[in-house]
Amino acid sequence: MAVTVSSASGLLAMLQEPAAELKLHALANLNSLVHVFWPEISTSVPAIESLYEDEEFDQRQLAALVVSKVFYYLGELDDSLSYALGAGPLFDLSDGSDYAQTILAKALDEYASIRLKATSEERMMDPRLEAIVERMLDKCIFDGKYQQAMGMSVECKRLDKLEEAISQCDNLNGALSYCINLSHQYVSHREYRCEILRCLVKIYQTLQNPDYLSICQCLMFLDEPETVGNILGKLLSGSKDDALLAFQIAFDLVENENQAFLLNVKNHLDTLSLQTSAQTLPSDQTSATELSGDAQMTDNVITPNGNAHTVDPNDKLTKIKGILSGETSIQLTLQFLYSHNRSDLLILKTIKQALEMRNSVCHSATICSNAIMHAGTTVDTFLRENLEWLSRATNWAKFSATAGLGVIHRGHLTQGRALMAPYLPQSGAASGGSPYSEGGALYALGLIHANHGEGIKQFLRESLRNTSSEVVQHGACLGLGLAALGTADEEIFEDVKNILYTDSAVAGEAAGIGMGLLMVGTASEKAGEMLAYAHDTQHEKIIRGLSLGIALTVYGREEEADTLIEQMTRDQDPILRYGGMYALALAYRGTANNKAIHQLLHFAVSDVSDDVRRTAVLALGFVLYNEPEQTPRIVSLLSESYNPHVRYGAALAVGISCAGTGLSDAISLLEPLTSDVVDFVRQGALIAMAMVMIQTNESYDSRVGTFRRQLEKIIVDKHEDTMSKMGAILATGILDAGGRNVTIRLQSRSKHDKLTAVVGLAVFTQFWYWYPLTYFISLAFSPTAFIGLNSDLKVPKFEFLSNTKPSLFDYPKPTTQQTTTASVKLPTAILSTYAKAKSRAKKEAESKAQAESKAREKAEAPPSEDASTSMQVDGAAEKRAPEPEPTFQILTNPARVVPAQEKFIKFLEGGRYDPVKLAPSGFVLLRDLKPTETEELVLTDAPATQTTNAAAAQQVSGAAAMAVDEEPPPPQPFEYTS
């Protein structure tokens, strides 16, 4: 019969006995009962501790284990860990109890903390702690828990153990991808993240079949363009499949939008090709034979199954340089956005009709909304159909209207300057053009060539030098900053700095932003010059431009930017503290860094300036966009603040962080703010809601339809204030941006930050002070397209599967003329006699039509059954349930694929094409499995060229207008008659 122990007092009394056997017996029993009697045992801890400290007692480790457990139950985890280390091998790592798991976690945290601080201040590592962590890591690897081992190795800065865990893993590529995600999501120090990535690249390169796609992504983060160039050069000189892989790598790198890095890779490839051609010049017999053998091998590989088509290696080099320069992807995107354009012009006509003639803010907002709605499509039908209405824009409104063309034609690199020629400053002869339209045209050129400005930089510099008009200088500075984004070009910097030093408020503001765009992410010492000038000048506009510019220079630099951030956030000038918030946001963009979040929350509730508080909350959106689900939770209390500026910041933080996600929590948080009591809070909430809902339709979330109706109601309502109307008009444009074929993405598909997109949204938020900066939102637009390409970088026609209901991700339904006019047309005075006559005529016509249809039905009815039966049958037929919607959809390359749809995309088995990389959207290179068969190609150049010609002309021919107007879904008679 088992004896139930009711007290530990007897065992504790044994500890006082002189016999070592009795003490050992007591300790062994106490160890098994400590979870029950720890309150009683805690009174005798000094006695057990003395046994541990007695070096002659041979069971010291058991005493240490008992004390450790008691301290654990008392909540003294530091003491518990200290004695657990003293227990040595008696502390069982495989014990699944809460005690063991808690102490192991505590040991890991302590070890990681010491390892982290070892760089800044030397702290001695307890060898026992090191031993226990090593035992833990070895056990994980031995048990095959590789992911756990990798996570612990990364946390403990043990890259030797990380290598060991990866090398023993069965799925090496999977393990490496997991580690890359770990480094981006959980490592808060940039330098350490770089160490991990270097370690991973080293492991990748030892593999028999290295994953070059992942290697090149790591190398881009490490800023090693030469290594990437070498890899691409090696792949290009290999087989046809290798060349396809090189093209795919280039497209993936371009998606990260790092212009300076891509230019360096391109230049390195040029150097490699020159070296190769120089080596082939000597006509030594052996090398010539080897060379011809190599050339023959390349030709044989490139020419599949005896197909006569051959590829010159120089042709491959030309193609990859075209990809790296961005020209190929931009051209294909332009053609896609043009051919798939589903803009609803009736929405714009509704807005135009509803606006008061005198309201210049809403007039400008409508022009801006049109530009956003048609961003990158090259379709400017609305502007050409409303030239007289458009001409009401004066001064800065004219500047904005002209700049809007840059958004519509964004990426039209070859024709950009020709398109804007009528508005650009004319060199030589004294031009009679408006400085506002000239400045706007230079800004438009920057928007067209944003991040791809090699061909236009020189023209913009000359325009900047040859003008003394501050309005033209304003446009030229913005244009130069956009075109030379992140290139840190010294000459351009000096040109823009000279404009800054003229101390003109208008030109100086743009110069400050332009300098920041030019030096984005360089952490250049020039930020110090900018800060010094911000202290010297008296103009608020210049200080604001510089504070944003300084913030842009520390983009992505994380802890490296801390000194500058500290300097700005402690400044007495609230405008510079405001810049400090942007510096925090951009330095720690997409890292969800705890320290940055704490700092921003601190300023959000404590700063004396509303501007700073608003921006601190807004900045949370940038820090958290890699974890959008967290943002609504973090800002939920702030969204209920008594301070409207804080509420506005919370709305935009959610809009930025959750942009393009259609996240339900984000919509729920923004809904009450769209009917806030303060007009500018409503404005911010409407814009943020549109950013979240972009590319989401009513079938996916019914609240999208409600929101669209709410926007229409605000725009039409004569009593609604201007701020809310402006927000609703801009929101309408954002919802349908890019012909309903773009979304807002701040991260590429490889989880790297899209530099242009993040910078674009940061400057866009400045529209609070300066409306023309609204156009920067177009930099964040990313096409929702799957575009499959063959080895010639042409788009072949083939089908693939979207394995879900088509309605979930379909285009929003077009508005119809009847509903639109009914909702917009204002009641006009009608004579009562006319109304009565019209009503009477209508009734007579209806009754006549009914009589005719009844007579026709009687004549056609079969004579067998009686009338009642036939009526029942007819009713049943009418009430028959509609056909169920299919559960899948066949899409044809190229196709619109929205982010939420990506997980449902599948390639059909037995198809002609096989993707180089399994990607549900973006540019995907395809292997042709039936190369002898002829290909049907789509996305030819014709439509885009036709539109270009139409847009370039001052007066547009009817044929070109027809070509454009075939795209929007409203009924044709409405489109073609004024």
Side-chain angles (χ1 to χ4, degrees), residues 181 183-188 190 193 221 255-258 520-521 551-552 554-558 561 581-601 604 615-636 638-639 649-667 669-670 684 687-696 734 737 742-765 776-782 784 898-900 902:
N181 287 338
S183 70
H184 286 306
Q185 286 185 347
Y186 300 110
V187 177
S188 57
R190 192 165 181 270
R193 194 180 309 128
F221 188 87
E255 197 194 355
N256 299 320
E257 299 179 344
N258 191 331
V520 69
L552 289 167
V554 294
Y555 172 92
R557 304 306 287 207
E558 298 178 34
M581 299 305 105
Y582 275 105
L584 257 171
L586 294 172
Y588 289 97
R589 83 281 164 274
T591 58
N593 183 288
N594 274 331
K595 184 180 75 172
I597 292 168
H598 284 152
Q599 275 185 277
L600 290 169
L601 288 171
T615 314
V617 185
L618 181 153
L620 288 166
F622 287 103
V623 177
L624 286 162
Y625 65 69
N626 64 329
E627 295 181 12
E629 301 82 10
Q630 299 285 349
T631 315
R633 184 178 60 80
I634 288 174
V635 303
S636 61
L638 295 168
S639 71
L652 272 191
V654 170
I656 291 162
S657 178
C658 307
T661 60
L663 197 69
S664 182
D665 288 352
I667 296 171
L669 183 138
L670 290 169
I687 291 170
M689 185 78 95
M691 290 166 75
V692 174
M693 285 183 173
I694 187 172
Q695 289 289 17
T696 309
I734 293 167
V742 298
T743 186
I744 296 174
R745 269 188 196 267
L746 298 182
Q747 281 188 314
S748 64
R749 291 166 188 84
S750 52
K751 298 296 177 193
H752 281 275
D753 303 290
K754 296 182 74 165
L755 182 143
T756 313
V758 179
V759 168
L761 272 195
V763 184
F764 161 71
T765 56
F776 269 81
I777 194 173
S778 66
L779 272 62
F781 292 155
S782 178
T784 48
V898 301
E902 289 176 0

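Closest approach of A587 and A561 over heavy atoms only: CB-CB, 3.8 Å. Between P632 and L663 the shortest heavy-atom distance is CG-CD2, 4.3 Å. Contact between A585 and A619 at its shortest, heavy atoms only, is CB-CB, 3.5 Å. Closest approach of F764 and F776 over heavy atoms only: N-CB, 3.8 Å. When every heavy atom of I694 is checked against every heavy atom of A737, the shortest pair comes out as CD1-CB, 4.0 Å. Shortest non-hydrogen contact noted between A666 and V692 is CB-CG1, 4.1 Å.
The side-chain heavy atoms of V654 and V635, taken from C-beta on, include a pair separated by under 4.5 Å. Side-chain contact between V617 and L652 is absent, with no heavy-atom pair separated by less than 4.5 Å. Put simply, the side chain of I777 reaches to within 4.5 Å of the side chain of L761, judged on heavy atoms. Using a 4.5 Å heavy-atom cutoff, the side chains of P899 and T784 are in contact. Put simply, the side chain of D665 does not reach to within 4.5 Å of the side chain of E629, judged on heavy atoms. Considering only heavy atoms from C-beta on, V554 stays 4.5 Å or farther from L586 through its side chain. The shortest distance between side-chain heavy atoms of V759 and L552 falls below 4.5 Å. Here the side chains of I744 and F781 are in contact, with some heavy-atom distance below 4.5 Å.
Checking N256, L746, V520 one by one against L755, the side-chain contact (heavy atoms from CB on, under 4.5 Å) holds for a single residue, V520.
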Should L638 and L620 be marked as a side chain to side chain contact (heavy atoms under 4.5 Å, CB included) after you check the CA-CA gap, both sets of side-chain angles, and the distance that decides it?
-> CA-CA 11 Å; L638 295 168; L620 288 166; 4.3 Å; yes
Start with the C-alpha distance between T743 and V898, add both sets of side-chain angles, then the distance that settles side chain to side chain contact (heavy atoms under 4.5 Å, CB included), and finish with yes or no.
-> CA-CA 8 Å; T743 186; V898 301; over 6 Å; no
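Rounding to the nearest 0.5 Å places CG of L584 at 12.5 Å from CZ of F622. Note that CD of Q599 is 8.0 Å distant from CE of M581, once rounded to the nearest 0.5 Å. With values rounded to the nearest 0.5 angstrom, R557 atom CZ is found 10.0 Å from R589 atom CZ. Within the model, atoms OG1 of T591 and OH of Y625 stand 8.5 Å from one another, a figure rounded to the nearest 0.5 Å. Here the CE atom belonging to M693 is positioned 4.0 Å from the CD1 atom belonging to I667, to the nearest 0.5 angstrom. S782 OG to R745 CZ: the interatomic distance, rounded to the nearest 0.5 Å, is 5.5 Å.
Qualifying ring pair (Phe, Tyr, Trp, His ring centres under 6.0 Å) partners for Y588, counting only residues two or more places apart in sequence or in other chains: none.
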